[in-house]
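Keep in mind it's a predicted model, so treat the numbers as computed, not measured.
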Amino acid sequence: VQLQASGGGLVQAGGSLRLSCAASGRTFSSYAVAWFRQAPGKEREFVAGINWRGSSTYYSDSVKGRFTVSRDNAKNTGNLQMNSLKPEDTAVYYCAARSGGSTWSRDAMNFWGKGTQVTVSS
């Protein structure tokens with residue numbers, strides 16, 4: 001499956017952005033979808049994930065309560081709604097997908113999209 005993240009941009013602290021992940025190729029609904037981010041000089045880290053049906057969601061502690069992950073299998077898209085953004089949320093955000101397993105590590109992902117830059121100014 002091919003993935004493409006979009007929706008990044010520049011926003012002030014406290015603002016919101018909505019990222020989208022468009023999928024093409026194989027059956028998108030067969031895959032769990034995750035969002036990762038990578039800030040300059042830091043490792044890529046897990047942000048949020050959603051199972052293939054959209055019935056279970058998972059979040060890192062740093063974004064819990066502020067970010068919401070969702071998906072629309074009919075439209076082959078995944079979304080990440082980011083509210084109450086903080087300067088420390090500044091990073092390149094990536095969407096990824098895995099076909100099996102239950103972990104949300106980078107190594108567990110089978111497919112990656114190109115990232116989209118999110119910059120939060122203070």
Side-chain angles (χ1 to χ4, degrees):
V1 61
Q2 291 79 44
L3 304 172
Q4 179 63 57
S6 63
L10 173 64
V11 64
Q12 290 187 332
S16 299
L17 280 175
R18 183 177 178 86
L19 305 184
S20 293
C21 179
S24 61
R26 302 182 185 182
T27 307
F28 177 69
S29 60
S30 299
Y31 299 88
V33 174
W35 290 89
F36 288 75
R37 67 185 181 187
Q38 187 167 17
K42 295 188 177 181
E43 292 189 352
R44 192 172 299 186
E45 64 174 358
F46 170 77
V47 174
I50 187 167
N51 70 345
W52 66 274
R53 287 188 297 179
S55 58
S56 297
T57 57
Y58 307 83
Y59 299 94
S60 66
D61 289 342
S62 62
V63 307
K64 197 172 295 182
R66 300 187 297 123
F67 291 12
T68 302
V69 63
S70 62
R71 66 187 299 159
D72 185 337
N73 287 340
K75 296 181 179 179
N76 285 353
T77 59
N79 298 289
L80 184 67
Q81 177 67 42
M82 305 186 295
N83 298 329
S84 302
L85 283 161
K86 305 175 181 179
E88 50 263 44
D89 294 318
T90 295
V92 177
Y93 283 71
Y94 299 86
C95 61
R98 56 168 169 80
S99 59
S102 58
T103 63
W104 299 104
S105 67
R106 289 172 298 175
D107 291 343
M109 300 298 126
N110 302 116
F111 304 97
W112 290 88
K114 292 183 179 179
T116 183
Q117 176 71 47
V118 171
T119 303
V120 184
S121 62
S122 56

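With side-chain heavy atoms closer than 4.5 Å counting as contact, directly or through intermediates, the hydrophobic cluster containing Leu3 also holds Val1, Tyr31, Phe111.
For Ser102, the side-chain contact (heavy atoms from CB on, under 4.5 Å) criterion is met by no residue, not counting sequence neighbours. Ser84 meets the side-chain contact (heavy atoms from CB on, under 4.5 Å) test with Arg66; sequence neighbours excluded. Not a single ring pair (Phe, Tyr, Trp, His ring centres under 6.0 Å) links Phe67 to another residue, sequence neighbours left out. The side-chain contact (heavy atoms from CB on, under 4.5 Å) test applied to Thr27 returns Ser29, Ser30, not counting sequence neighbours. Taking Trp52 as the reference, nothing meets the ring pair (Phe, Tyr, Trp, His ring centres under 6.0 Å) condition, with sequence neighbours excluded. Scored by the side-chain contact (heavy atoms from CB on, under 4.5 Å) test, Ala34 finds Phe36, Phe46, Trp104, Met109 as partners (sequence neighbours excluded).
Within the structure, disulfide (SG to SG under 2.5 Å) pairs that include any residue of residues 22-57 do not occur (at least two apart or interchain). The salt bridge (Lys or Arg N to Asp or Glu O under 4.0 Å) analysis of residues 30-43, with sequence neighbours excluded, yields the pairs Arg37-Glu45, Arg37-Asp89, Glu43-Arg106. Pairs engaging residues 51-63 under the salt bridge (Lys or Arg N to Asp or Glu O under 4.0 Å) rule: Asp61-Lys64 [sequence neighbours left out]. Each side chain to side chain donor-acceptor pair (under 3.5 Å) pair with one or both residues in residues 108-122, not counting sequence neighbours, appears once here: Ser99-Asn110, Gln117-Thr119.
Shown here for Ser56 and Tyr58, the closest heavy-atom pair between the two residues is CB-OH, 3.5 Å. Across every non-hydrogen atom of Val47 and Val63, the tightest pair is O-CG2, 3.5 Å. Heavy atoms only, all atoms of each residue included: Val118 and Met82 are closest at CG2-CE, 3.8 Å.
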Considering only distance and modelled atom types, tabulate donor-acceptor pairs under 3.5 Å from the side chains of residues 9-20, sequence neighbours left out.
residue	atom	partner	partner atom	Å
Ser16	OG	Asn83	OD1	2.9
Arg18	NH1	Gln81	OE1	3.3
Ser20	OG	Asn79	OD1	3.0

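Within the 3.5 Å criterion, the main-chain N or O of Asn76 finds no donor-acceptor partner in the side chain of Asn73.
By the rule that hydrophobic residues join a cluster once side-chain heavy atoms approach within less than 4.5 Å of another member, Phe28 and Leu80 end up as members of one cluster. Residue Val69 is not grouped with residue Tyr94 when hydrophobic side chains (ILVMFWY) are merged at heavy-atom distances under 4.5 angstrom, including chains of intermediate members. If you chain together hydrophobic residues whose side chains sit under 4.5 Å apart, Trp35 and Tyr59 fall into the same group.
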